[in-house]
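Below is one structure, written out as structure tokens; comments come after it.
Just follow the structure's listing: the first ligand is 1, and inside any ligand the first atom is 1. Please read all numbers here as calculations on a predicted model, not as lab measurements.
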Amino acid sequence: MQRTRWYKDAVFYQIWPRSFCDGNGDGIGDLWGVLGKLDYIASLGVTGIWFSPLYPSPQADFGYDIADYYDINPEYGTLEVFRQVLDGAHERGLKVIMDLVVNHSSDECAWFAESRSSRDNRYADWYIWRDGKTPGSPEEGGTPPNNWDSLFEGKAWEYEPARDQWYLHIFAKKQPDLNMDNPEVRAEVERIMRFWLDMGVDGFREDVITYISKVEGLPDDNPLKPAARGMQFYDHGPHVHEYLRQFRRDVLDDYDCMTVGEAPMISAEKALEYAEEGPDQELDMLFTFEHMGADCLFTDWIPRPFDLRSYKQALGSWQTGLGGRAWNALYIENHDHPRIISRYGSESYRVESGKSLACSYLFLRGTPFVYQGQEIGMTNTHLASVDESADVSTFNQHRLVREMGLSEKAALWLVNRATRDHARTPVQWSSAPGAGFVGGDGTAEPWYPINPNYPVINVAAAEADPHSLLAFYRAAIALRRRLPVVREGGYRELKRASGQLYAYVREGAGQRLLVVCSLSPKTAYFSAPADLDLAAGELCLCGYEDAPLEGNAFFLRPYECRVYLWEDAGEEQVC
Ligand code: NOJ
């Protein structure tokens, strides 16, 4: 099959189904709700949808714990409704990609139920089972096979009496890791891929795909390591490339599809091992996390003020680091991070900073993803106690920092800064009770509390305001799609040392594009280099209603952004 690499011209919208739109009136987002919003999604100018997991799941990690890979969670609909969504999306020119979560399944998946029941059943070797270091159950003094930590819930091992063995779970206890070294498991992954591709989906976002191969022997990690003990033995493990190439060769190459792999700790240089275009290419692009840590040290849980230079450095290192040999996935929000305006922008300058943040990534080289609610500038919520969280990883982090000696007040402050709940509040469609999220007669309790700011921040209000962030996203996406330079052009950063401005030039395909974003609440000053004559350029976008110049320079008001275009300029080049 000829791969057209259509994804290079795509812009995706991410749906986290539980909170997108409730169609049947039970307070839980679902596919009936999505059906009713397909026109809205298309109106944004995006060309694809990424669905976070839609499969049956006990929802221990909101679908990232899959119980059945071949069906739809009954809370969200049926396969029939999914087919309608797929057709409706395709009719509107929207591609659809599914989340593929195969590092682990749910413990309620039939494979695991069988696997845990004995040491000799059809699925006995489908998960990572080991004898304890010291024999026996924990009550009898038995100890786990090694000292690894899970990322979501205490130690990485859980004891199973029926086998008198332990299973590995890098995430929560209800997310046992699949044994990808078993060829039958890999064959099953291929069956899953074909099932959805044959139905018509256009590709996959592959969850923590760099974790699927574990170092043989599963050795102990350094006991003094403060957190995530074991990661070095499963991130980029020994067979990861072999397995990904197998999936590409056996399945993906038969379809004109795309894959984006989630790669939690990866540099641009390392990404080339997975995504360099050529006969051995494994994935089409990767979600990096580097630029998402510009307001924290090491992990989301050690905060510092937003550092624009780190943000620019991270984005720039991928723009130049892939050297035109691999493609980027671009995002600033998803279901795993607090809202970007609350993190990197300013709630006091919500619309302005939302526009500037949009420009900071939408004109880079790569495929942009916009997360539900990002386009209307949804902001973080507030948790009065950790018990208000619905997120398994938040409970874990809270417990860890409490164990480290933090007071409850300080721990709660951290929860409010970092929890994934912020991104998971229901989408605010209108100022009606239930924020227009709740379907049916609108009286059901939403599954998670709606952010109390919904009377002000909602889609209907944004639709009525020509200067809204929503209008800006539409204009920015349309602009991006009409300019070949965004796909083809090189990348040059200006004012690199500035702690207020992110400014970059894209040049190529006969066009030159200048993007200047202030990420500061103070006035900033931008003077253009001599080769960019601002007065001769076309002002394509501005975060404010007017855009005065001072010679070949301008002052930027708080969080102002501007985009200028010159046609018939710029040599064809690849960064
Ligand atoms: C990454 C997903 O984005 C996140 O939501 C999930 O909790 C973990 N992988 C585990 O599947």
Practice item. May I ask you to establish whether K37 and W429 are in a cation-pi arrangement, using a distance under 6.0 Å from NZ or CZ to the six-membered ring centre and at most 45° from the ring axis? Key: yes

Check your understanding: Do K155 and W148 meet the cation-pi criteria used here (NZ or CZ under 6.0 Å from the six-membered ring centre, within 45° of the axis)?
Key -> no

Check your understanding: Would you say the side-chain atoms of R402 pair up with the backbone N or O of L406, donor to acceptor, closer than 3.5 Å?
Key -> yes

Point to revise | Proximal candidate to atom 8 (C) of ligand 1 [heavy atom criterion; set W16, F62, Y211, F171] | key: F171

**Study point:** Part of H337 with heavy atoms under 4.0 Å of ligand 1, whether side chain, backbone, both or neither
**Key:** neither

Study note, to complete from the structure: Closest to atom 5 (O) of ligand 1 among protein heavy atoms sits D336 OD1, 2.7 Å

Review point. What protein heavy atom sits nearest atom 9 (N) of ligand 1, and how far off is it?
Key: D207 OD1, 2.8 Å

Exercise for review: Considering the heavy atoms of R424, write down every atom of ligand 1 situated less than 4.0 Å from one of them.
Suggested key: 5 (O)

Review point. Looking at E262, which atoms of ligand 1 are within less than 4.0 Å of one of its heavy atoms?
Key: 1 (C), 3 (O), 9 (N)

Practice item. Name the orientation class of the two ring planes belonging to Y70 and F195 (parallel below 30°, tilted from 30 to 60°, perpendicular beyond 60°). Key: perpendicular

Exercise for review: Answer with yes or no whether F152 contacts ligand 1, where contact means a heavy atom under 4.0 Å from a ligand atom.
Suggested key: yes

Point to revise | Y76 and F82 aromatic centres sub-6.0 Å | key: no

